[in-house]
Amino acid sequence: MSSISTINFIPRQNRLRYIYWRQLHRQQRIFVIVIVLLLVFIYFGYRSHATEPANEQPHEYHRDEINKDKEAWQRKQKEESQAGKFKPQKQYFSNPTNERQIAVRDAMRHAWKAYRTYAWGYDELLPISKTPSPWFGLGLTIVDSIDTLYIMNMTEEYKEAREWIEKSFSCDSDSVDKFNSHFEITIRVLGGLLSTYHLSADDIFLQRAIELGDRLFINFNTPTRLPLAEINIKRKAASGYRWTSDSALSEVGTVQIEMRDLSRVSGEKKYEDAADKSAAVLHHQSKKDGLLPIFVSPLTGRSSGGVVSLGARGDSYYEYLLKQWLQTGQQRSTFWDDWIESMDGVRKHLWRLAYPDKLYFVGELMSMSTFSPKMDHLVCFLAGNMALGWSYKKDLTYLLDMAKDLTKTCYQIYAKQATGLSPEIAYFNTDPQSNEPTITVRDNDAHNLLRPELIESLYYMYFLTGDTIYQDWGWKIFQSFEKYTRQTDGYSSINDVRNPDNVRPRDKMESFFLAETLKYLYLLFDKKNLFPFDQWLFNTEAHPLPIYKN
């Protein structure tokens, strides 16, 4: 039955009321339906717009965005070119070429696996206790040794190290909220990032280097422009040592190469300016035939202490004089002049003959005048440094003669120990009438820290002279490392090189064992020099960096 027929049975008064309410309800229903439909339309329209994937947008949109990105990239390249920014070319390395190299790479795998298992993301491994050792809070072993992984073509290990640097390396984490050595962070961490950038041409390493370099730059804000000794990276705060305002000569004189290179790859001149200003202060110091005491104040620029050493606290200042001259394309004669003057100072004041074996060595000066027959293992870098200098000025034949003599002495320090490994410090007998042995090792100095300095010099000596005796010496030292420092997990420094039956492991695998010692051994055993000396130099942590034309 229709609704109209139904209305006829309703009284007139009520019928009018019914029609009125029915029309009103119809209007309300229509209004509500319209509102609901409008809301539904708005909702689905908004939802589809908000979730629309980028690859479903019109082609014209994509073309505009691509053009914008390309224009931005071209502008960036132009700016970088105008700023003189250096763009590296990716380097490629093959697998080991002989049994000795294979053995060294196996040692690197063993060391890396232990670190990866027990200390991943921490600074260093304690291989006996199988626990991590914190220091900087920057994943030191990863950053310090990643270029070794790259050079040895350990691709899987390199990839995981790169991923950690991309995702976990941070200058703002709580782990770096402490004061640490500005010098050590520069040569190990900044040097490692820069080196790997030059080898891989991967921008993530440049990005991290700039992040870190901006923090390290703060330390140069002193009256003399010599950097303060310590830095808190997280707080961006510089500080001297708590017990003295002085810094070691090596600390203020071994940061210039890294800062200069950071300017060349970033296009930011401020880092190189800081390097140059600090180098100028050291150049103008009052010297004793090119030699400086091992302490200097970043606040006053004055040297102090009167101890002259090419070992601890002095060594790499002299190393960097030559290498800064090379880094800047041999265009800044001041660096060469200061270096050659210091080498003449070594020959005049520190060079002695030890008896009865007639071994030449480099001692120290106390109070700028009194000779001490003490030589740190660290001094063994000097042989390679002198040979490298000779290769550019071959008329200075005494440099090569001294390099050969010092290399022989450093090797004998190893060979005369029952383990075939060097102590940290040796003393020499300079009296031809004495019955004392040529080399004496004291109880407090008998430890071996897995140091690289002699291996470094063997590398230079082999490729500059072609004499395979240097490779043979390196192989014997490597075998001693394998026999007395290799642990079930990783490698450990040892306490007594004189006692092969009880070397007493120290439970510490230094990052420089992977970054330097194993790297130099690997390079030493190659058929050709993978880093030609006219194209590359190594910072004091064995991180290869390019030589520039100016």
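Note that the structure is a prediction, hence the values are computed from the model and not measured.
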A.B. asks: Whether the side chain of Ser457 engages the backbone of Gly384 through a donor-acceptor N/O pair (distance < 3.5 Å, no angle test) should be reported.
C.D. replies: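 Side chain of Ser457 to backbone of Gly384, a donor-acceptor pair under 3.5 Å: yes, one is there.
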A.B. asks: Ion pair present between Asp344 and Arg347, side-chain N to carboxylate O less than 4.0 angstrom?
C.D. replies: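 Counted as a salt bridge, because a side-chain N and a carboxylate O are separated by less than 4.0 Å.
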A.B. asks: With Asp276, which of Arg225, Arg260, Gln256, Gln324 fulfils side-chain hydrogen bond (donor to acceptor under 3.5 Å, both in side chains)?
C.D. replies: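 Exactly one candidate clears the test, Arg260.
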A.B. asks: Please report the closest heavy-atom contact between Lys408 and Leu359, naming both atoms and the distance.
C.D. replies: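 Lys408 and Leu359 have their closest heavy atoms at CE-CD2, 4.1 Å.
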A.B. asks: Determine whether more than 12 heavy atoms belonging to other residues, nucleotides or ligands lie under 6.0 Å from atom CG of Asp395.
C.D. replies: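 More than 12 within 6.0 Å, yes.
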A.B. asks: Would you sort out whether Arg498 and Asp443 count as a salt bridge (charged side-chain N to carboxylate O under 4.0 Å, His left out), showing the intermediate values?
C.D. replies: CA-CA 10 Å; Arg498 304 165 301 179; Asp443 290 344; 3.0 Å; yes
A.B. asks: Using 4.0 Å as the upper bound for N to carboxylate O, is an ion pair formed by Glu341 and Lys287?
C.D. replies: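 Looking at Glu341 together with Lys287, the answer is no, because their closest N to O distance does not fall below 4.0 Å.
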A.B. asks: Taking NZ, NE, NH1 and NH2 as the nitrogens, is one of them in Arg313 or Asp376 under 4.0 Å from a carboxylate oxygen of the other?
C.D. replies: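 The answer is no: the pair does not qualify as a salt bridge.
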A.B. asks: Determine, using ring centers only, whether Tyr520 and Phe463 are less than 6.0 Å apart.
C.D. replies: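 When the ring centroids of Phe463 and Tyr520 are compared, they turn out to be at least 6.0 Å apart.
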A.B. asks: Before giving the answer on salt bridge (charged side-chain N to carboxylate O under 4.0 Å, His left out), spell out for Lys519 and Asp147 the whole-Å C-alpha distance, their side-chain angles and the decisive distance to 0.1 Å.
C.D. replies: CA-CA 9 Å; Lys519 181 187 295 165; Asp147 59 357; 2.9 Å; yes
A.B. asks: How long is the straight-line distance from OG1 of Thr148 back to CZ of Phe513, given to the nearest 0.5 Å?
C.D. replies: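 Rounded to the nearest 0.5 Å, the CZ-OG1 separation comes to 11.0 Å.
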A.B. asks: Do Tyr459 and Phe533 have ring centroids that are under 6.0 Å from one another?
C.D. replies: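 Yes: the rings meet the under 6.0 Å criterion.
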A.B. asks: Is there a donor-acceptor pair under 3.5 Å between the side chain of Thr485 and the backbone N or O of Tyr491?
C.D. replies: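 No, Thr485 side chain to Tyr491 backbone: no donor-acceptor pair under 3.5 Å.
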A.B. asks: For Gln89, I'd like to know if atom CD has over 12 heavy atoms of other residues, nucleotides or ligands within 6.0 Å.
C.D. replies: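 Counting other residues, nucleotides and ligands, CD of Gln89 stays at 12 neighbours or fewer.
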A.B. asks: Tell me whether Asp526 contacts the main-chain N or O of Asn529 through its side chain, where contact means a donor paired with an acceptor under 3.5 Å.
C.D. replies: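 It does not hold such a pair.
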A.B. asks: List the atom of Leu322, the atom of Gly389, and the distance in Å for their closest heavy-atom pair.
C.D. replies: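 It is CD2-N, 3.6 Å.
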A.B. asks: Quick one: does any side-chain atom of Asn429 pair with a main-chain N or O of Pro356 as donor and acceptor, under 3.5 Å?
C.D. replies: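 Pair absent, no side-chain N/O of Asn429 close to backbone of Pro356.
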A.B. asks: Show every ring-ring contact (aromatic ring centres under 6.0 Å, His included) that has at least one partner inside residues 281-311, sequence neighbours left out.
C.D. replies: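 Of all non-adjacent pairs touching residues 281-311, none passes ring-ring contact (aromatic ring centres under 6.0 Å, His included).
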A.B. asks: Could you state the interatomic distance from CD (Glu184) to CD1 (Ile231), rounded to the nearest 0.5 Å?
C.D. replies: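 Output value for this atom pair is 14.0 Å.
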A.B. asks: Do any pairs count as a ring-ring contact (aromatic ring centres under 6.0 Å, His included) and have a residue in residues 372-397, sequence neighbours left out, and if so which ones?
C.D. replies: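 Counting only pairs at least two positions apart or across chains, the ring-ring contact (aromatic ring centres under 6.0 Å, His included) contacts touching residues 372-397 are Trp325-Tyr392, His377-Tyr414.
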A.B. asks: With a 3.5 Å distance limit and no angle check, can you tell me whether Thr222 reaches the backbone of Leu226 through a side-chain donor-acceptor pair?
C.D. replies: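 Yes; judged by distance alone, with no hydrogens or angles, the pair exists.
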A.B. asks: Does any N or O in the side chain of Ser367 come within less than 3.5 Å of the main-chain N or O of Ser369, such that one atom is a donor and the other an acceptor?
C.D. replies: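 No; judged by distance alone, with no hydrogens or angles, the pair does not exist.
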A.B. asks: Side-chain contact, heavy-atom cut-off 4.5 Å: Tyr522 with Met152?
C.D. replies: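 Yes, close enough: below the 4.5 Å cut-off.
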A.B. asks: I'd like to know if Glu272 and Arg332 make a salt bridge, using a cut-off of under 4.0 Å between side-chain N and carboxylate O.
C.D. replies: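 Result for this pair is yes, salt bridge flagged.
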A.B. asks: Looking only at heavy atoms, what is the nearest atom pair of Ile187 and His543, with distance?
C.D. replies: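 Heavy atoms of Ile187 and His543 come nearest at O-CD2, 3.2 Å.
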A.B. asks: Do Trp339 and Tyr318 have ring centres separated by under 6.0 Å?
C.D. replies: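 Centroid separation for Trp339 and Tyr318: 6.0 Å or greater.
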A.B. asks: Is it true that Phe220 and His182 have ring centroids separated by less than 6.0 Å?
C.D. replies: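 Under 6.0 Å, so yes.
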A.B. asks: Quick one: closest heavy-atom pair of Arg451 and Asn448, and the distance?
C.D. replies: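 Result for this residue pair: N-OD1, 4.3 Å.
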A.B. asks: For a quick test of reading the model, state the closest non-hydrogen atom pair linking Val189 to Phe136 and the distance between them.
C.D. replies: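 Residues Val189 and Phe136, closest heavy atoms: CG2-CD1, 4.2 Å.
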A.B. asks: So, Asp472 and Arg100, do they make that salt bridge, N to O below 4.0 Å?
C.D. replies: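 A salt bridge is present here (some side-chain N lies under 4.0 Å from a carboxylate O).
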A.B. asks: Would you confirm whether Gln285, through its side chain, and Leu291, through its main-chain N or O, come within 3.5 Å as a donor-acceptor pair?
C.D. replies: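 No, because the side chain of Gln285 does not come within donor-acceptor range (under 3.5 Å) of the backbone of Leu291.
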A.B. asks: Look only at the side chain of Asn219 and the backbone of Glu230, and say whether a donor-acceptor pair between them is shorter than 3.5 Å.
C.D. replies: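 Between the backbone of Glu230 and the side chain of Asn219 there is a qualifying donor-acceptor contact (under 3.5 Å).
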A.B. asks: Side chains of Tyr484 and Gln479 only: does a donor on one sit below 3.5 Å from an acceptor on the other?
C.D. replies: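 There is no such pair between these side chains.
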A.B. asks: Determine whether a donor-acceptor pair (N or O, by modelled atom type, separation under 3.5 Å) exists between the side chain of Thr440 and the backbone of Glu436.
C.D. replies: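 Such a contact is absent between Thr440 side chain and Glu436 backbone.
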A.B. asks: State, yes or no, whether a side-chain contact exists between Ile547 and Asp534 at a heavy-atom distance under 4.5 Å.
C.D. replies: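 No, side chains not in contact.
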A.B. asks: Any chance you could lay out the salt bridge (charged side-chain N to carboxylate O under 4.0 Å, His left out) test for Asp467 and Lys404, step after step, and finish with the verdict?
C.D. replies: CA-CA 11 Å; Asp467 192 338; Lys404 290 179 178 178; over 6 Å; no
A.B. asks: Checking side-chain hydrogen bond (donor to acceptor under 3.5 Å, both in side chains) against Glu319, which of Thr254, Thr540, Asn385 comes through?
C.D. replies: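 Exactly one candidate clears the test, Thr540.
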A.B. asks: Okay, side chain of Thr141, backbone of Asp123: is any donor-acceptor separation there less than 3.5 Å?
C.D. replies: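 Between the backbone of Asp123 and the side chain of Thr141 there is a qualifying donor-acceptor contact (under 3.5 Å).
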A.B. asks: Please list, chain by chain and in numerical order, all residues satisfying side-chain contact (heavy atoms from CB on, under 4.5 Å) with Ala209, sequence neighbours excluded.
C.D. replies: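 Leu190, Leu193, Leu194, Leu262.
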A.B. asks: For Tyr360, does the OH atom have more than 12 heavy-atom neighbours from other residues, nucleotides or ligands under 6.0 Å away?
C.D. replies: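 At most 12 heavy atoms, drawn from other residues, nucleotides or ligands, come within 6.0 Å of this atom.
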